[in-house]
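Notes follow once the structure below has been shown.
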Amino acid sequence: MSFYINVFYALVWASLRFTSAYTPKAKLFILREREFWGSSVSIIIQGKKITELSQNRYIEIELPAESTIIEISRNIQEKIEVKAVINLEANKTYYLKIYRELDYFKDQIMLGRLGAQSAQQELKHMKKYDFSAIP
């Protein structure tokens with residue numbers, strides 16, 4: 001009887017290991033254009049601070065294919081200025097761009113979605129920000 005229990009546990013362990021190793025992923029690029037305000041912005045994904053992104057940089061990150069919360073704040077203000085939810089689908093690539101909206105009454109950062117062709121053109125002029133903290 002114990003032999004069959006051991007075989008059962010081995011099969012369960014193997015199936016869990018197989019499914020966790022192959023969770024579907026999506027690729028996300030977050031770009032920050034060159035602007036005249038110099039402070040870095042904090043990028044927070046699923047409640048975890050990923051990095052501080054300076055001007056003319058981008059990050060590339062693989063995330064689980066699921067509903068993902070992205071928050072952005074300027075470090076000088078230390079409050080969340082942008083909060084977006086994006087549904088990431090497996091094996092797809094998404095491009096988001098951080099930009100500044102400025103008028104007489106407000107100065108805020110925004111997050112917009114880019115098409116692949118526009119993003120590829122902008123990425124040619126930006127530097128990739130390498131970091132080790134991937135959620």
Side-chain angles (χ1 to χ4, degrees):
M1 181 74 163
S2 116
F3 170 76
Y4 293 110
I5 292 173
N6 288 337
V7 169
F8 173 75
Y9 283 124
L11 290 173
V12 169
W13 179 81
S15 69
L16 289 175
R17 185 171 176 213
F18 177 76
T19 56
S20 66
Y22 295 103
T23 54
K25 302 260 184 192
K27 191 176 285 190
L28 176 66
F29 286 81
I30 300 178
L31 297 72
R32 177 162 180 226
E33 65 186 0
R34 181 184 307 271
E35 295 181 22
F36 56 86
W37 49 286
S39 66
S40 59
V41 293
S42 294
I43 305 208
I44 302 152
I45 298 178
Q46 300 293 65
K48 180 180 178 184
K49 183 175 179 178
I50 300 300
T51 190
E52 293 179 11
L53 196 59
S54 58
Q55 297 177 5
N56 204 39
R57 302 259 192 261
Y58 72 93
I59 61 171
E60 176 183 347
I61 188 169
E62 283 193 352
L63 296 167
E66 62 186 12
S67 180
T68 303
I69 299 171
I70 301 167
E71 298 170 309
I72 299 174
S73 72
R74 279 183 271 194
N75 292 333
I76 55 173
Q77 295 178 344
E78 295 185 8
K79 68 175 185 167
I80 301 300
E81 294 185 63
V82 176
K83 183 174 185 176
V85 178
I86 185 168
N87 291 317
L88 301 176
E89 295 180 28
N91 303 317
K92 289 195 176 182
T93 302
Y94 298 84
Y95 302 93
L96 301 177
K97 181 178 180 179
I98 301 168
Y99 62 96
R100 183 179 187 193
E101 188 170 284
L102 178 66
D103 64 21
Y104 290 112
F105 303 107
K106 64 184 172 195
D107 175 11
Q108 67 185 33
I109 57 175
M110 306 289 286
L111 184 65
R113 195 152 174 198
L114 286 175
Q117 190 172 19
S118 298
Q120 292 300 322
Q121 287 298 319
E122 291 196 34
L123 287 171
K124 290 178 184 178
H125 306 289
M126 294 183 167
K127 295 179 184 176
K128 184 175 182 178
Y129 183 84
D130 292 318
F131 58 96
S132 59
I134 297 176

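With Asn56 contributing its side chain and Lys127 its backbone, the two residues share no donor-acceptor pair below 3.5 Å. Panel note: side chain Glu62, backbone Lys27; no donor-acceptor pair is recorded below 3.5 Å.
Separating the CD atom in Glu71 from the NZ atom in Lys83 is a distance of 5.0 Å, to the nearest 0.5 Å. Here Leu123 contributes atom CG and Leu114 contributes atom CG; the two are 8.5 Å apart, rounded to the nearest 0.5 Å. Atom CD of Glu66 and atom OG1 of Thr68 lie 5.0 Å apart (nearest 0.5 Å). The CD1 atom of Ile44 lies 11.5 Å from the CD1 atom of Ile69; values are rounded to the nearest 0.5 Å. A distance of 8.5 Å separates CD in Glu52 from OG in Ser73, rounded to the nearest 0.5 Å. Taken to the nearest 0.5 Å, the CD1 atom of Ile70 stands 9.5 Å off from the CD1 atom of Ile98.
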Could you pull out every donor-acceptor pair under 3.5 Å between side chains of residues 88-97 and any protein atom, sequence neighbours left out?
{"from": "Glu89", "atom 1": "OE1", "to": "Lys92", "atom 2": "NZ", "distance (Å)": "3.0"}
{"from": "Tyr94", "atom 1": "OH", "to": "Glu89", "atom 2": "N", "distance (Å)": "2.9"}
{"from": "Tyr95", "atom 1": "OH", "to": "Gln120", "atom 2": "NE2", "distance (Å)": "2.8"}
{"from": "Lys97", "atom 1": "NZ", "to": "Glu33", "atom 2": "OE1", "distance (Å)": "2.9"}
{"from": "Lys97", "atom 1": "NZ", "to": "Glu122", "atom 2": "OE1", "distance (Å)": "3.1"}
{"from": "Lys97", "atom 1": "NZ", "to": "Glu122", "atom 2": "OE2", "distance (Å)": "3.1"}

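Taking hydrophobic clusters as Ile, Leu, Val, Met, Phe, Trp and Tyr residues chained together by side-chain heavy-atom distances below 4.5 Å, Leu53 shares a cluster with Ile86. Leu63 and Ile72 fall within a single hydrophobic cluster, where Ile, Leu, Val, Met, Phe, Trp and Tyr are joined by side-chain heavy atoms under 4.5 Å apart, directly or via other members. No chain of hydrophobic side-chain contacts below 4.5 Å, direct or via other Ile, Leu, Val, Met, Phe, Trp or Tyr residues, connects Ile59 to Phe29.
Taking both residues in full, the closest heavy atoms of Leu31 and Ala119 are given as CD2-O, 4.3 Å, listed atom of the first, atom of the second, then distance. The nearest pair of heavy atoms linking Arg32 to Val41 is CD-CG2, 3.9 Å.
A side chain to side chain contact (heavy atoms under 4.5 Å, CB included) with Ile30 is found for exactly one of Thr51, Ile50, Ile43, Ile61, namely Ile43.
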